[in-house]
Structure formats: C-alpha cells, structure tokens
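Here is the structure we will look at, set down as structure tokens.
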Protein chains: 2
Amino acid sequence: MTDNAPRKTLPRLDESLLTHMPPFSRLERRQIREILDQASSRRYDAGVAVFDEGAPAERFFMLLDGYIRVVRVTATGEQVIALHIPAGQLFGIARALGRDTYPATAVTAAESIALSWPMRLWDEFVRQYDGFATETYKTVGQRIGEMNTRIVEMATQQVEQRVANALLRLINQTGRKVPEGIEIDFPITRQDLSELTGTTLHTVSRLLSGWEKQGLVKSGRKRIVVCDAHRLVVISGAQLP
Amino acid sequence: MTDNAPRKTLPRLDESLLTHMPPFSRLERRQIREILDQASSRRYDAGVAVFDEGAPAERFFMLLDGYIRVVRVTATGEQVIALHIPAGQLFGIARALGRDTYPATAVTAAESIALSWPMRLWDEFVRQYDGFATETYKTVGQRIGEMNTRIVEMATQQVEQRVANALLRLINQTGRKVPEGIEIDFPITRQDLSELTGTTLHTVSRLLSGWEKQGLVKSGRKRIVVCDAHRLVVISGAQLP
DNA sequence: GGCGGACTTTGCGCTGGCGCAAACTGCCTG
DNA sequence: CAGGCAGTTTGCGCCAGCGCAAAGTCCGCC
C-alpha cells in the first residue's frame, strides 16, 4: 500500500473509497483498482459549477464527499433546483440518458470531492463491471421518481405543504442528527428553498419564522434544523392510514 | 409470408410494424421476427388503464397506434398527468429504471394498440439486440428532459404561460395538420389540460375562450386546434433571440 | 475593529386564479 | 326523439401568496 505510483492530482486513491458505493459494490478489489487508476480526483469549493447545462458531456462523476445541487436556469434568468445529490452517487451521467450534453448544471452545495472519468469509459464500465449498469439505472429511476413527485406536489399542493415536503425530503436524504433534532447537512438559504419549491424567499422566510415560533424548526443563517418532523409531516398533507 | 403459425390474439404480425421504430430499426428482419413471435398484441379502448401505479411490472410495451397518458394520483385523489406517449415508443419499461413495480398508471388517451412482452425478456433484448438499449435510454432521457421542463415551468411561470406551453408541446408531439391549423390528435378535455398544467378546468376554459376570441385556437368538445402557434409562443413567454 | 455585503425578517397592498354555483350544449343511449 | 350525462362556459367573491420596500442581523474581510 505504499504510494510509489505518481498521481496527477492526489496520492494514490484507496480502494476502500469505492467498495461500499452501490455501483461498485459487487466488484473485486482488482477491478476497483483498475477503475481508480483511470479516475481523476478533485476538490471543489462550495458554490462552484462542476459542469454547465448544455456543455458537451465529456466526463462522468462520482461524488465522494459533499453535496451537489442540480440546477436549471430559465430564459429569464430564474433558477430552479431540480434535485440534490448526496455523496456516494454518480452524477453527470448524460450517457445513461442517451445524451451527449449535460441536461442541467451541477453546483456544489458545500465543499465537495468527486472522482471523474472520461465519458468514453462509460460503455466499457457498463460492459465490464457486473452490476454497474443495474445500479446506475436504479439511481436514474430514483431521480425520475423524485422529479415526478415534485411535479405532483407543485401541481396539487399549497406553498406551505410544498415547503414542508421539501424540508422532509432534505432531512431524509441529507439529514444529520444534532441535539435539537435533524439538521440539513449543508448550507441552505431561504432563497435555495424557494428555488426548490417554486416560491419566493419572502414566503419561505415567513413560513420558517412561523414554524420556529411553534418549535417545529430552528434556523439560522444558511442552517436549518428540524425539531419535530412528525408535525411537519402533518403540515405536508401526507395521508395517515 | 403465409399465416400458418397459430397466434393467440391476432393474425401473425408483420415485420414492417417494427422496422421503423427506433429501438428496433437497426435489427435484421430475422431478429424482428423473433421479437414479434414472442409478443402479445392487444387493442385497448380509449380511457382504460394498461397498467396501474405500484403494480408488479410484469410486462413492457410498445405502442403501435394511439396515445398513452401517464398519470399519477395523489393521496387526496387528484390526478396529475405526467406526460403523453405517442405511437412508436416503448412504455412500462420499469426495468430500465431498476424498478420492479410501475411508477405511474398508463391510461389510453384514445383507442390504442400495443405489443407487450414479459419483463424477463428485457435483459435478453438489451443483451442481444444492437441499439435497443441505446435507443431506450434516449427515450428515458427525453422523458426526463420533459419532466424537468415541466418542473421549471411550474416553478416559474404563470398559469397562462403554462397552458400555452402545454398546448405547444402537445401539438409538437402529437399534432396533426388540419385546414384550420394543427389539431391535437386525440380527445382532450379542459380537465385533462388542467391536470397537465396544475390548475383548474375553469381557468383553462376561460383561457381557451379568450384565445378563441382572438383567433389563436378553435376548440370543441374534447378537441383543440391551434391556429396561430406563433402568437401562442409569444404568450408562452419563450425568449426570442 | 469596523466596513460592506450577504442573508433574513417584516409590513403592506394588490391581484391572479381558485372555489362555488348555475346554466348551457352537444353527444350518446335507449 | 327524448332524456340524461359528460363536457363546457361564465359570473362572482375571496384570499394565499407575490411584489415591493425598508430595516435588521450576522459574517468575513481588510
């Protein structure tokens, strides 16, 4: 395990990085070594674009640490956040969707580290590595499900319910236990939440203030802790059986 | 080419049915024959469910004729139309998304004919038939793109713009030239349009009435003709370069 | 330590579009 | 051809949530 092979960007990557990531979990150590040897690793500051909507999809990525926000920008310049990606998932996998440009912009929501490979290796990975394709399409399926849910929510729910749902989804996917409750694990502003729910930062601010008075959440600058998820579920309008 | 093999449902299917459908277009006649021999063919009346959300995904389908509406139902019973599928596309391809249940309900928007295969053949098709996987994922990619656009629209646009966009999308995908303009090729009610755009049938009705007075559209019972797509584009808020 | 910018809060007035209700119209069925 | 139903139109009143505005708060940087 000594580091005698020169690496472009970082010391030789350790196999354990990938062994527990679903797309690679069924592979042998030797295969993971091959995969890592072809990867580039890079650190990104919070709030920078990893790639831009419409750009040629030259690489695909695996997020090792941090969070990615997938963003689309409208013709009039407004932003909409399509979804958040937690560590351990592939992203920028345009090829899996039969595209050769990225369909949206990927921005880091917090400081992040990602591996990437040239897109030409995609077909090879799919062919050679057992379970890679299957797991990838599971990810795609989940994201489709999530987008679908967003559409249904936007079409049928009130703003208050949508914001509650967005918070619940965030703590489910990216929540971290803290003494007061569950905290969203990356910096998130009122503006961000409004872009997730299709409303304005003013309305989000009012809702959060209200909930804070009732002890449902605690929030500070770029920081939100959900204290009483159960009551939030009630607000979100989920049906109880 | 004589019909001497007994078929369960219909006379022996002709190869020409599939030769021009993208997922199969790169295949040899012999392969298409194999595929057809494993298919069941069935006709559906308008408005019936081909499969239901959450049901085990036992078969996948190719729509030969007609239109499919992909629908989700909320806990409170409201319907939301996720997208429309025109003839020539695969649907019910849960397996391509790593799922074993259907993620939404498929309802025929008009009288339709579809082939179907047991889902266990999916992996075989992907493995054996060149281009099948690629074309399938292109379809998935397109649908993701469409859903994404819907989310962005719902988040940023006014009802009037959303309805205009929905109409434009419909005539693009499923439009048919008629003397007065372009008609949506299947029966569609105000209610349907409202479920597509996340509003109420009342509002849709008012908008269509208004547009009809201005000569933008002509509409009757379950029938909509767009006469002046260009002005509709302006209403939809698309940016002109 | 103080300045500036980023983020947040709050008030106020207005309006788009929803809810409700009632009437109308064309199509299908018996 | 007479209902009756499914789909559509239209009017009216109301309110959730947006736009605008202004002030307050926190953080990082010089």
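A, B, ... follow the sequence lines: proteins, then strands. Residue 1 opens every chain.
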Original post:
By side chain to side chain donor-acceptor pair (under 3.5 Å), which residues pair with A:N172, not counting sequence neighbours?
Top reply: none
For atom [atom1] of [X] and atom [atom2] of [N], their distance in whole Å:
| X | N | atom1 | atom2 | answer |
| --- | --- | --- | --- | --- |
| B:K218 | D:dT8 | NZ | P | 17 Å |
| B:R190 | D:dT8 | CZ | C1' | 7 Å |
| B:K213 | D:dT8 | NZ | P | 16 Å |
| A:E212 | C:dT8 | CD | P | 12 Å |
| B:L207 | D:dT9 | CG | P | 11 Å |
| B:L201 | C:dG19 | CG | P | 10 Å |
| B:R223 | C:dT25 | CZ | C1' | 15 Å |
| B:D192 | D:dG7 | CG | P | 8 Å |

Original post:
Is a donor-acceptor pair below 3.5 Å formed from side chain B:H202 to base D:dT10, judging by atom type as modelled?
Top reply: yes
Residues [X] and [Y]: side-chain donor-acceptor under 3.5 angstrom:
| X | Y | answer |
| --- | --- | --- |
| A:R59 | A:S40 | yes |
| B:R143 | B:Q89 | yes |
| A:E146 | A:Q142 | no |

**OP:** Could you check whether B:S209 gets within reach of a base, just the sugar-phosphate, or nothing at all, counting any heavy atom under 4.0 Å?
**Re:** sugar-phosphate
Original post:
With sequence neighbours left out, what residues match B:A46 under side chain to side chain contact (heavy atoms under 4.5 Å, CB included)?
Top reply: none
Original post:
Got a salt bridge between B:R162 and B:E153, using NZ or NE/NH1/NH2 to carboxylate O under 4.0 Å?
Top reply: no
**OP:** Please determine if a side-chain N or O atom of A:T189 lies less than 4.0 Å away from the OP1 or OP2 oxygen of C:dC7.
**Re:** no
Original post:
Which distance, rounded to the nearest 0.5 Å, do you find between the CG of A:L207 and the OG of A:S194?
Top reply: 11.5 Å
Can you tabulate the close N/O pairs, meaning under 3.5 Å, that link protein atoms to atoms of nucleotides 16-18 of chain D?
{"residue": "D:dG17", "atom": "OP1", "partner": "A:V159", "partner atom": "N", "Å": "2.9"}
{"residue": "D:dC18", "atom": "OP1", "partner": "A:T199", "partner atom": "OG1", "Å": "2.9"}
{"residue": "D:dC18", "atom": "OP2", "partner": "A:T199", "partner atom": "OG1", "Å": "2.8"}
{"residue": "D:dC18", "atom": "OP2", "partner": "A:T200", "partner atom": "OG1", "Å": "3.4"}
{"residue": "D:dC18", "atom": "OP2", "partner": "A:T203", "partner atom": "OG1", "Å": "2.3"}

Original post:
Residues in ring-ring contact (aromatic ring centres under 6.0 Å, His included) with B:H84, at least two apart?
Top reply: B:F186
Original post:
Residues two or more places apart in sequence or in another chain: which of them pass ring-ring contact (aromatic ring centres under 6.0 Å, His included) with A:F51?
Top reply: A:F61, A:Y102
What N/O pairs connect the protein and nucleotides 3-6 of chain D at under 3.5 Å? Give each pair on its own line.
{"residue": "D:dA6", "atom": "N3", "partner": "B:R221", "partner atom": "NH2", "Å": "3.1"}

